Amino acid sequence: MSRAFMLLSVVLVSLLVNQGTASENQRLFNNAVIRVQHLHQLAAKMINDFEDSLLPEEHRQLSKIFPLSFCNSDSIEAPTDKDETQKSSVLKLLQISFRLIESWEYTSQTFSGAVSNSLTIGNPSQITEKLADLKVGINVLIKGYLDGQPNMNDNDSLPLPFEDFYLTLGEGNLRESFHLLACFKKDMHKVETYLRVANCRRSLDSNCTL
């Protein structure tokens, strides 16, 4: 009788611990999604304000640039369409999101030089802090999914030359500034999509269509 009671107690404690862990993971996921949504909205406002400040001829010239331009994220292996995104594992989506956020953590400091002082972009250091906070949160989620196993992507951080690539875009040139902001918006949209799908896929009954 006492053994049965002890076994039942162990099972109940285990259930409570698992429920607590699941609840904490859900909170972290929700927080990460909210944070990247804010960054994506901020990126959209930055580029909209930038475009609104252009002369008509400048706007026509820049509208032809970005579709042919190279972004840092183009070198990061990631899903190329909606179907591939939905088939990717939660862990893979988290790891890709981590790398995308990491690629902007340092280079976001160039935003102050990428736009004129008349535009409202907020303090660039605050954007950098938001990126750093989001990266920490995603890393916690990754460690939770690895459950003590080694992260095979630990050595996949972007090499320093990519930082230099973005740093050269923040020197005030019209074309380069537009390129920088457009890439930031593109990458924040990617991360938002990946985190929303990853969060949805944690519930097997959810319809995670994009």
Side-chain angles (χ1 to χ4, degrees), residues 21-48 51 62-105 107-108 130-131 133-147 149-159 162 165-166 169 178-210:
T21 301
S23 177
E24 176 63 13
N25 284 339
Q26 186 61 58
R27 185 190 68 80
L28 290 172
F29 253 110
N30 291 340
N31 188 45
V33 171
I34 291 172
R35 286 176 181 270
V36 74
Q37 283 177 336
H38 177 69
L39 282 166
H40 185 201
Q41 292 168 359
L42 183 57
K45 176 174 173 52
M46 287 165 61
I47 198 167
N48 287 339
E51 290 178 330
L62 291 179
S63 65
K64 303 174 183 179
I65 294 175
F66 186 65
L68 302 177
S69 296
F70 175 83
C71 285
N72 195 353
S73 61
D74 295 338
S75 293
I76 299 175
E77 184 178 351
T80 57
D81 53 34
K82 293 180 179 179
D83 185 59
E84 190 175 342
T85 299
Q86 291 174 325
K87 291 180 179 178
S88 298
S89 68
V90 171
L91 180 58
K92 181 178 180 180
L93 293 174
L94 287 172
Q95 290 172 330
I96 295 170
S97 297
F98 180 89
R99 295 194 65 195
L100 287 168
I101 293 299
E102 185 180 44
S103 72
W104 283 99
E105 187 179 2
T107 54
S108 61
K130 293 179 186 296
L131 289 165
D133 289 343
L134 178 56
K135 188 181 80 168
V136 170
I138 295 175
N139 191 45
V140 171
L141 289 170
I142 290 174
K143 289 182 177 180
Y145 272 86
L146 289 172
D147 193 24
Q149 297 298 314
N151 186 357
M152 302 306 294
N153 284 348
D154 273 347
N155 296 323
D156 287 345
S157 296
L158 293 173
F162 283 102
F165 167 78
Y166 275 137
L169 298 183
F178 179 78
H179 187 183
L180 178 72
L181 296 177
C183 284
F184 182 60
K185 178 185 175 183
K186 174 185 174 183
D187 286 355
M188 292 307 100
H189 175 67
K190 280 186 177 182
V191 177
E192 180 179 356
T193 299
Y194 297 156
L195 291 184
R196 287 172 65 90
V197 171
N199 191 22
C200 179
R201 290 195 58 206
R202 295 174 67 251
S203 175
L204 298 179
D205 295 329
S206 296
N207 181 12
C208 302
T209 56
L210 294 173

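Everything quoted here is computed from the prediction, not taken from an experiment.
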For T80 and E84 the tightest heavy-atom approach is OG1-OE1, 2.9 Å
For H189, which residues count as a side-chain contact (heavy atoms from CB on, under 4.5 Å) partner, sequence neighbours excluded? H40, T193
With rounding to the nearest 0.5 angstrom, report the OG1 to CG distance, T85 to L93. 7.0 Å
What's the separation between atom CG in N31 and atom CG in L195, rounded to the nearest 0.5 Å? 11.0 Å
Looking at K190, I'd like to know if its NZ atom is crowded, meaning that more than 12 non-hydrogen atoms belonging to other residues, nucleotides or ligands lie closer than 6.0 Å. yes
Between atom CD1 of I47 and atom CG of L42, what is the distance when rounded to the nearest 0.5 Å? 12.0 Å
So, for P79 and I96, which heavy atoms are closest and what is the spacing to 0.1 Å? CD-CD1, 3.4 Å
Please identify which of these residues, L180, L39, L131, meets the side chain to side chain contact (heavy atoms under 4.5 Å, CB included) condition with S108. L131
Output the distance between atom CZ (F178) and atom CD (E51), rounded to the nearest 0.5 Å. 5.0 Å
pair S97-L134: side-chain heavy atoms closer than 4.5 Å: no
Here the gap from N48 atom CG to L181 atom CG, rounded to the nearest 0.5 Å, amounts to 10.5 Å
What are the two closest non-hydrogen atoms of V90 and A198, and how far apart are they? CG2-O, 3.8 Å
Interatomic spacing from CD1 in I138 to CG in D133 - rounded to 0.5 Å: 11.0 Å
Shortest non-hydrogen pair, F184 vs A43, comes out as CD2-CB, 3.5 Å
Using 4.0 Å as the upper bound for N to carboxylate O, is an ion pair formed by R27 and E24? yes
List for me each residue that meets side-chain hydrogen bond (donor to acceptor under 3.5 Å, both in side chains) alongside E77, sequence neighbours excluded, and say none if there are none. none
Are side-chain heavy atoms of K186 and D74 found at a separation under 4.5 Å? yes
Within-4.5 Å side-chain heavy-atom neighbours: Q37 and R196: yes
Contacts of K135 meeting salt bridge (Lys or Arg N to Asp or Glu O under 4.0 Å) (sequence neighbours excluded), chain-then-number -> E105
